[in-house]
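What you see is a predicted model; the values in this text were computed from it and never measured. Computation of the quantities below employed the complete heavy-atom set of this structure, encompassing side-chain atoms and omitting hydrogens, waters and symmetry-equivalent molecules.
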Amino acid sequence: MFSAADYVFMSHALHLAGQGLYTTMPNPRVGCVIVRDEQIVGSGWHQKAGQPHAEINALAEAGATARGAAAYVTLEPCSHHGRTPPCADALIAAGIARVVMAMEDPNPLVSGRGRALLQQAGISVQTGLLQAEAQALNAGFISRMTRKKPWVRLKIAASLDGKTALNNGASQWITGEAARQDGHRWRARSCAIMTGIGTIKSDNPQLTVRHIKTDRQPKKIVVDSRLAIPLDARVLQDDEETFIFTAQTGNPEKKAALGQMNTRVIVLPNAAGKVDLQKMMVVLAESGINEVLVEAGKGLNGALVEAGLVDELVLYLAPHLLGDDAQGMIKLPELTQLEQKKKLEIQDVRMIGQDIRVIAKFL
């Protein structure tokens, strides 16, 4: 169905899509190459919401040579007017003869419509080339479109015996510099970073990207059932929006003060007087959040895992032992049978400096 050359050109389109890893949200990461006579005559990627899509950038570079050419695009060309005109119409107007898509648009309201427009215009359309790679690049966008919730990654730095801090709370630094830099890459690609009030009180984190260059900072999410966050917490001291999810229905003075600090206080109590985590994810998806990186303590980590809300684990293991009295990674109810264990599928294991990084998906 696909030639060796097709794989080469789509691989290049995926590489281009990756250039927008830190910048496109809430839009997907998309790359496109225009090929004529086995030569790339135009290439582009979507760089930022509101700016031209990948196909438009590639067509601009190709110019008149696009007529009769093939377009390789990592996501189905859009068929609707958003901030920019439909890309399917632009491909048709440019005289493209063949379109190869890695995957269809996951938005159920528009999926297949771009393909239909192209086919109605007489353009040959093929789908599914390197689809898994394209899906991995946009796991968060796909999740928000199809499941109405973000893709949630749980990032943990721990000793080799699975401890995240000493019993007195000391935790800086368990892992090495290389692992911390890698962790900031996961921050940079996320729409938001989530933590709990316990971490705010013990570590007072900034939750910002600092170790790598980026033109944007992720939003911040604090799960704070009692609305106990100090007004001078570092997470509140910059211009990036902070979501504070709470179960506290009272305390209007505190809410008003937080409202003056680029902060959204969202009250979502459950029956136990805690934050309703399921509803929280719905609110985040409705706010355009594709990917959430959780950097929290064992309490919130455990609550999210127990609720089935964590999709992926990014675990850094340092070559140290901290002992049984140190703090653990994830607080879960006691298991009485091995069949109750939380199952994961390991996706990747590699050395990052002197630490081991494990990426696993929850099954």
Side-chain angles (χ1 to χ4, degrees), residues 149-157 164-165 168-169 171-172 183 186-187 190-209 217-311 327-333:
K149 64 180 183 179
W151 183 265
V152 178
R153 291 187 181 92
L154 181 57
K155 193 198 84 168
I156 301 175
T164 61
N168 62 13
S171 62
Q172 296 183 340
W186 290 104
R187 283 187 178 188
S190 302
C191 298
I193 306 171
M194 178 184 294
T195 196
I197 186 59
T199 299
I200 294 293
K201 288 186 171 182
S202 62
D203 295 344
N204 197 17
Q206 293 177 263
L207 300 185
T208 55
V209 180
Q217 289 290 338
K219 299 180 187 301
K220 304 166 187 182
I221 306 164
V222 180
V223 181
D224 181 7
S225 293
R226 298 181 180 178
L227 201 62
I229 187 169
L231 294 178
D232 61 354
R234 293 204 294 174
V235 75
L236 303 176
Q237 303 310 312
D238 56 40
D239 295 331
E240 197 53 62
E241 184 177 27
T242 301
F243 295 81
I244 299 180
F245 288 91
T246 184
Q248 174 61 256
T249 56
N251 205 345
E253 297 83 3
K254 182 77 169 285
K255 291 174 182 175
L258 288 167
Q260 300 299 315
M261 305 177 73
N262 198 24
T263 298
R264 289 178 59 187
V265 178
I266 302 165
V267 182
L268 291 177
N270 64 14
K274 302 288 186 180
V275 172
D276 189 317
L277 300 177
Q278 298 283 354
K279 291 182 179 179
M280 176 181 72
M281 293 300 175
V282 173
V283 170
L284 292 175
E286 291 173 347
S287 300
I289 302 295
N290 292 335
E291 298 179 20
V292 173
L293 185 69
V294 180
E295 298 188 16
K298 64 180 180 179
L300 180 56
N301 289 348
L304 291 167
V305 170
E306 190 67 11
L309 295 173
V310 179
D311 299 295
Q327 298 181 23
M329 299 189 298
I330 303 173
K331 183 178 180 180
L332 295 173

Set of residues satisfying salt bridge (charged side-chain N to carboxylate O under 4.0 Å, His left out) with respect to [X], sequence neighbours excluded:
| X | value |
| --- | --- |
| E286 | none |
| K155 | E295 |
| D238 | K220 |
| D311 | R147 |

Please tell me if the side chains of T246 and I229 come closer than 4.5 Å, counting only heavy atoms from C-beta onward. no
Contact check, side chains of I200 and D224, non-hydrogen atoms, under 4.5 Å: no
Applying side-chain contact (heavy atoms from CB on, under 4.5 Å), name anything that partners [X], two or more places apart in sequence or on another chain.
| X | result |
| --- | --- |
| Q217 | T208, V209, T214, E240 |
| A257 | L231 |
| R226 | none |

Residues forming a side-chain hydrogen bond (donor to acceptor under 3.5 Å, both in side chains) with [X], sequence neighbours excluded:
| X | answer |
| --- | --- |
| N290 | R144 |
| S225 | none |
| K219 | E241 |

Tell me, yes or no, whether the heavy-atom count around N168 atom CG, taken from other residues, nucleotides or ligands under 6.0 Å, exceeds 12. yes
Would you mind listing every salt bridge (Lys or Arg N to Asp or Glu O under 4.0 Å) that reaches into residues 247-268, with sequence neighbours excluded? none
Shortest non-hydrogen separation from [X] to [Y] and the atoms involved:
| X | Y | result |
| --- | --- | --- |
| G273 | A247 | O-CB, 3.3 Å |
| I197 | A228 | CD1-C, 4.0 Å |
| A296 | G196 | CB-N, 4.1 Å |
| P218 | I193 | CG-CD1, 3.6 Å |
| P205 | R234 | O-CB, 3.9 Å |

Test side chain to side chain contact (heavy atoms under 4.5 Å, CB included) applied to V222 and L236, step by step: CA-CA 10 Å; V222 180; L236 303 176; 6.0 Å; no
When rounded to the nearest 0.5 angstrom, what distance separates [atom1] in [X] from [atom2] in [Y]?
| X | Y | atom1 | atom2 | result |
| --- | --- | --- | --- | --- |
| T164 | M329 | OG1 | CE | 8.5 Å |
| I221 | S287 | CD1 | OG | 9.0 Å |
| Q260 | L258 | CD | CG | 10.0 Å |

Between L300 and T195, does the side chain to side chain contact (heavy atoms under 4.5 Å, CB included) criterion hold? Intermediate values first, please. CA-CA 8 Å; L300 180 56; T195 196; 5.6 Å; no
Could you list the donor-acceptor pairs under 3.5 angstrom formed by side chains in residues 275-285, with sequence neighbours left out?
unit_1	atom_1	unit_2	atom_2	d
D276	OD1	Q278	N	3.2
D276	OD1	K279	N	3.0
Q278	NE2	A307	O	3.0

Donor-acceptor under 3.5 Å (N301 side chain, L154 main chain): no
